Amino acid sequence: MTQSVIEILLKSKVGLDVNSINSGIITRAIAQRMADCGIPQIERYLQRLQESNQEWEALVEGVIVPETWFFRERESFNFLKRYVMSEWLSTQSQSVLRVLSIPCSTGEEPYSIAIALLEAGLAAANIHIDAVDISKNNLLAAQRGIYHNYSFRGNPPYFQECYFQPTEAGYQLCQQVRGMVDFIHGNLADPRCLVGVPPYDVVFCRNLLIYFDAATKKRTMGLLERLLTKDGLLFLGHAETGLFLNTRFIPVRHPRVFAYRKSRVQGSDRPATTKKPTLTQQRKLTTNKNPFLQPTQSKKQDVITKNTEKPSENSQANLLETSKTLANQGRLHEAAQLCNDYISQNPVSAEAYVLLGEVEQGMGNNEQAAQSFHKAIYLQPSCEEALTHLALLRENQGDLGSATLLWQRIRRLQKRR
Ligand SMILES: C[S@@+](CC[C@H](N)C(=O)[O-])C[C@H]1O[C@@H](n2cnc3c(N)ncnc32)[C@H](O)[C@@H]1O
């Protein structure tokens, strides 16, 4: 009973949805704090919590999930580099690129951003990175910049050699990179968080929304919209991309990149090109192939024209393109229907099954999504996109055994190339 009251407090003060984490974590954290404080009764501990901000912070340290590592979901960092080289440097080379990493945990994420930006050719003086987290312990660790092997998983050995110095305490990150990040204590569930801060060109908000209750998720999504410049890029965790599908954000369609851009259409829930297609109409669609220029950012808007001729091979392909466009616009049910239509005519298309899987996942139908990815892999055993989606999905479901096997398979494929 008293634990439920503490759980309600955790929800209202830090936005934590207790169902999003293993229930034992909260029980253990409370028991640990009671032992540390020498308070045997939970009712008295609750009283202490309500009286002491310091105790509150100590309990929060016990329930947060600090898991992070350098270049987590690496393709997002590659995409950031390409964005800087192909878009930012060509138009804004003299400006300062403002980046936010929230939550930054122990610093691996903002430091990976700093390294990626340096490698993309930006000068340190033209980079401003703010990194925010609720955990003061994490922020202190981030400022120290000393890391162990666990933080380097998946990174090539030269990475450590390039940017770190081995010390007795661990690998010390070089001063140049450490000096590029400002660490800030902040709580995203607090309405005062980042109030009055100017917008950022790039925001990383990864692997936190999944732990938030519905109201805090919604408020945070509103805050992220305000915090992003109109041309900005928002990176999310893999499991969080579905949250933004029916919003004014437009997904970046690039394999293994979980990012959104802001729609330029204000006051509308949808981008400009959402004339509703019907299944009986065949449509010709000219899509923009540049992943940095999503539909509403493109100078050439998508063109949808009616074509009443018999379905040809070409119009079949357009069906799939239209399905992709609808998925990008958040019209997931229509996208799934078109995709299934396409599959009934083209039952061996791995590409269509990958798209169907993405759409199913966006609708929260994880097992159906997994089935679609499996079908894509069956049809095309080297389909890296389907393998990656499935690996990330299994990882998020806690099925680490299956995920590991899939990652190994992906690595073998990459080596063979
Ligand atoms: C799983 S880590 C994610 C770190 C990094 N973004 C990544 O994806 O690797 C989650 C972080 O969220 C922080 N956190 C939890 N609740 C928060 C809140 N209400 N406001 C700000 N940070 C919070 C935790 O302290 C923890 O460091």
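Residues take their numbers from the sequence shown, with the count starting at 1. Numbering of ligands and ligand atoms starts at 1, following listing order. Keep in mind that what you see is a predicted model, and the values were worked out from it rather than measured.
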Determine whether Y45 and R33 make a side-chain contact, defined as any pair of heavy atoms from C-beta on separated by less than 4.5 Å. yes
For residues Y83 and F77, establish whether the separation of their ring centroids is below 6.0 Å. no
Residues that K217 engages under side chain to side chain contact (heavy atoms under 4.5 Å, CB included), provided they are two or more places apart: L209, F212, L243
Protein residues having a heavy atom less than 4.0 Å from any atom of ligand 1: V14, I64, V65, E67, T68, R72, P103, S105, E109, D133, I134, S135, N138, G186, N187, L188, A189, R206, N207, L208, F212
Out of curiosity, D201 CG to K230 NZ, how far, rounded to the nearest 0.5 Å? 10.5 Å
Any donor-acceptor N or O pair under 3.5 Å, side chains S382, E384: no
Between Y171 and F152, does the ring centre distance come in under 6.0 Å? yes
